Amino acid sequence: MVPMMSLLIPILVAAVAVFLVSWVIHTMLNYHKSDFVEVPSEDAVMDALRPFNIPPGDYALPRAGSMADFKDPEFQEKMNKGPVVFMTVLPNGEFKMGASLVQWFIYCIVVGLFAAYIAGRALGPGADYLSVFRFAGATAFIGYALALLQNSIWTKKAWSSTLKSVFDGLVYALLTAGVFGWLWPAS
């Protein structure tokens with residue numbers, strides 16, 4: 001068993017590595033460019049929604065208030081008539097990246113903490129690189145990628161977008177695994 005305090009350096013180095021590689025993925029590579037498509041008649045749709053002054057939040061259209069409502073003929077008519085929408089409304093104005101970047105870095109640390117906990121409980125000091133790589137990498141992959149699949153299952157996010165993000169999660173997990181294997185405490 002390896003104490004968590006002995007793994008602070010791998011946790012922080014992995015978080016920095018993932019943060020930097022995610023920046024490269026999202027600013028220099030273009031494979032996420034198609035994750036969101038333009039709504040037909042974007043200006044008209046925005047003009048139509050603006051008078052409602054919808055506060056920031058997550059919304060479903062139509063929205064059933066209970067499971068019983070799904071069987072209500074009025075709700076079924078709304079579903080059939082469409083559009084059926086899951087949407088997130090953000091505050092108006094310029095998108096501020098600062099808070100999101102801080103939250104992302106904290107999330108990277110949290111994934112590293114879990115990878116450290118699992119690997120640190122399963123392995124001792126001086127464990128071989130591949131063993132550390134496997135435990136830390138599998139745990140980091142779970143943290144970075146597996147929950148993303150729910151978005152395509154339940155809210156019908158495009159599988160192509162989800163799978164690209166799962167691929168990103170695999171890259172982040174491999175980075176985390178490599179850092180942990182490299183910086184694992186000796187016996």
Side-chain angles (χ1 to χ4, degrees), residues 1-37 56-58 86-88 90-91 93-187:
M1 196 162 71
V2 176
M4 289 291 285
M5 292 303 290
S6 298
L7 298 173
L8 286 180
I9 297 297
I11 292 166
L12 293 174
V13 171
V16 169
V18 168
F19 187 86
L20 293 174
V21 168
S22 71
W23 175 77
V24 168
I25 286 171
H26 291 282
T27 60
M28 295 182 180
L29 304 179
N30 286 323
Y31 66 90
H32 280 288
K33 188 176 183 179
S34 62
D35 286 356
F36 293 93
V37 294
D58 295 320
F86 290 105
M87 69 180 182
T88 299
L90 304 177
E94 183 182 346
F95 185 75
K96 307 247 190 279
M97 293 290 290
S100 294
L101 290 172
V102 168
Q103 291 171 4
W104 172 240
F105 186 69
I106 291 169
Y107 182 75
C108 293
I109 290 171
V110 169
V111 171
L113 285 167
F114 278 92
Y117 176 78
I118 298 295
R121 294 303 167 267
L123 305 168
D128 67 283
Y129 179 90
L130 187 56
S131 295
V132 174
F133 189 95
R134 285 190 345 241
F135 278 99
T139 304
F141 182 73
I142 291 166
Y144 284 120
L146 286 186
L148 298 172
L149 299 171
Q150 296 176 50
N151 295 326
S152 290
I153 294 168
W154 293 108
T155 63
K156 306 307 176 198
K157 181 176 175 86
W159 276 103
S160 59
S161 296
T162 297
L163 292 176
K164 286 184 275 184
S165 293
V166 168
F167 174 76
D168 295 348
L170 176 62
V171 170
Y172 306 154
L174 293 172
L175 273 169
T176 300
V179 167
F180 272 71
W182 167 47
L183 296 174
W184 195 255
S187 47

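In this text the structure is predicted, and so the values were computed from the model without any measurement.
Considering only heavy atoms from C-beta on, Leu174 comes within 4.5 Å of Phe133 through its side chain. Contact of the Arg121 side chain with the Phe135 side chain is not registered, since no non-hydrogen atoms from C-beta on lie closer than 4.5 Å. Side chains of Phe141 and Val166 form a contact here, defined as non-hydrogen atoms less than 4.5 Å apart. Annotation: side chain of Leu148 is not in contact with side chain of Lys157 (no heavy-atom distance under 4.5 Å). Between Tyr117 and Thr139 the shortest side-chain heavy-atom distance does not fall below 4.5 Å. Here the side chains of Val2 and Pro185 are in contact, with some heavy-atom distance below 4.5 Å. In this structure, the side chains of Phe105 and Val18 stay at 4.5 Å or more apart for every pair of heavy atoms. Considering only heavy atoms from C-beta on, Trp182 stays 4.5 Å or farther from Pro10 through its side chain.
Contact between Ala177 and Ala136 at its shortest, heavy atoms only, is CA-CB, 4.2 Å. Here the shortest heavy-atom pairing between Leu175 and Ala17 reads CD1-O, 3.9 Å. Taking both residues in full, the closest heavy atoms of Gly120 and Leu7 are given as CA-CD1, 4.2 Å, listed atom of the first, atom of the second, then distance. Pairing each heavy atom of Ser152 with each of Ala158, the nearest pair is OG-O, 3.6 Å. Minimum interatomic distance between Gly112 and Ile11 (heavy atoms only, all atoms of both residues): O-CG1, 3.6 Å. In terms of heavy atoms, Gly137 sits closest to Ala173 at O-CB, 3.5 Å.
Rounding to the nearest 0.5 Å gives a distance of 7.0 Å between CG of Asp35 and OG of Ser160. The distance from atom CG of Leu113 to atom SG of Cys108, rounded to the nearest 0.5 Å, is 11.5 Å. Separation of atoms CD1 (Ile118) and CG (Leu123) is listed at 11.0 Å; rounding is to 0.5 Å. To the nearest 0.5 angstrom, Ser22 atom OG is 8.5 Å from Tyr144 atom OH. Between Lys164 atom NZ and His32 atom NE2 the span is 6.5 Å, to the nearest 0.5 Å. Between the OG1 atom in Thr162 and the NZ atom in Lys156 there is a gap of 11.0 Å [rounded to 0.5 Å].
No side-chain donor from either of Asp168 and Ser165 sits under 3.5 Å from a side-chain acceptor of the other. Inspection of the Asp58 and Thr88 side chains reveals an N or O donor paired with an N or O acceptor under 3.5 Å.
Each of Thr27, Ile25, Leu20 was compared with Trp23 under the side-chain contact (heavy atoms from CB on, under 4.5 Å) criterion, and only Thr27 meets it.
Aromatic ring centroids of Tyr172 and Trp104 lie under 6.0 Å apart.
More than 12 non-hydrogen atoms from other residues, nucleotides or ligands lie less than 6.0 angstrom from CZ of Phe19. Counting heavy-atom neighbours within 6.0 Å of Phe114 CZ, excluding the residue itself, gives a total of 12 or less. Applying the 6.0 Å contact sphere to CH2 of Trp159 captures more than 12 heavy atoms from other residues, nucleotides or ligands.
The aromatic rings of Tyr31 and Phe167 lie perpendicular to each other, with more than 60° between the two planes, well past the 30° mark.
A donor-acceptor contact shorter than 3.5 Å is absent between the side chain of Ser131 and the backbone of Ala127.
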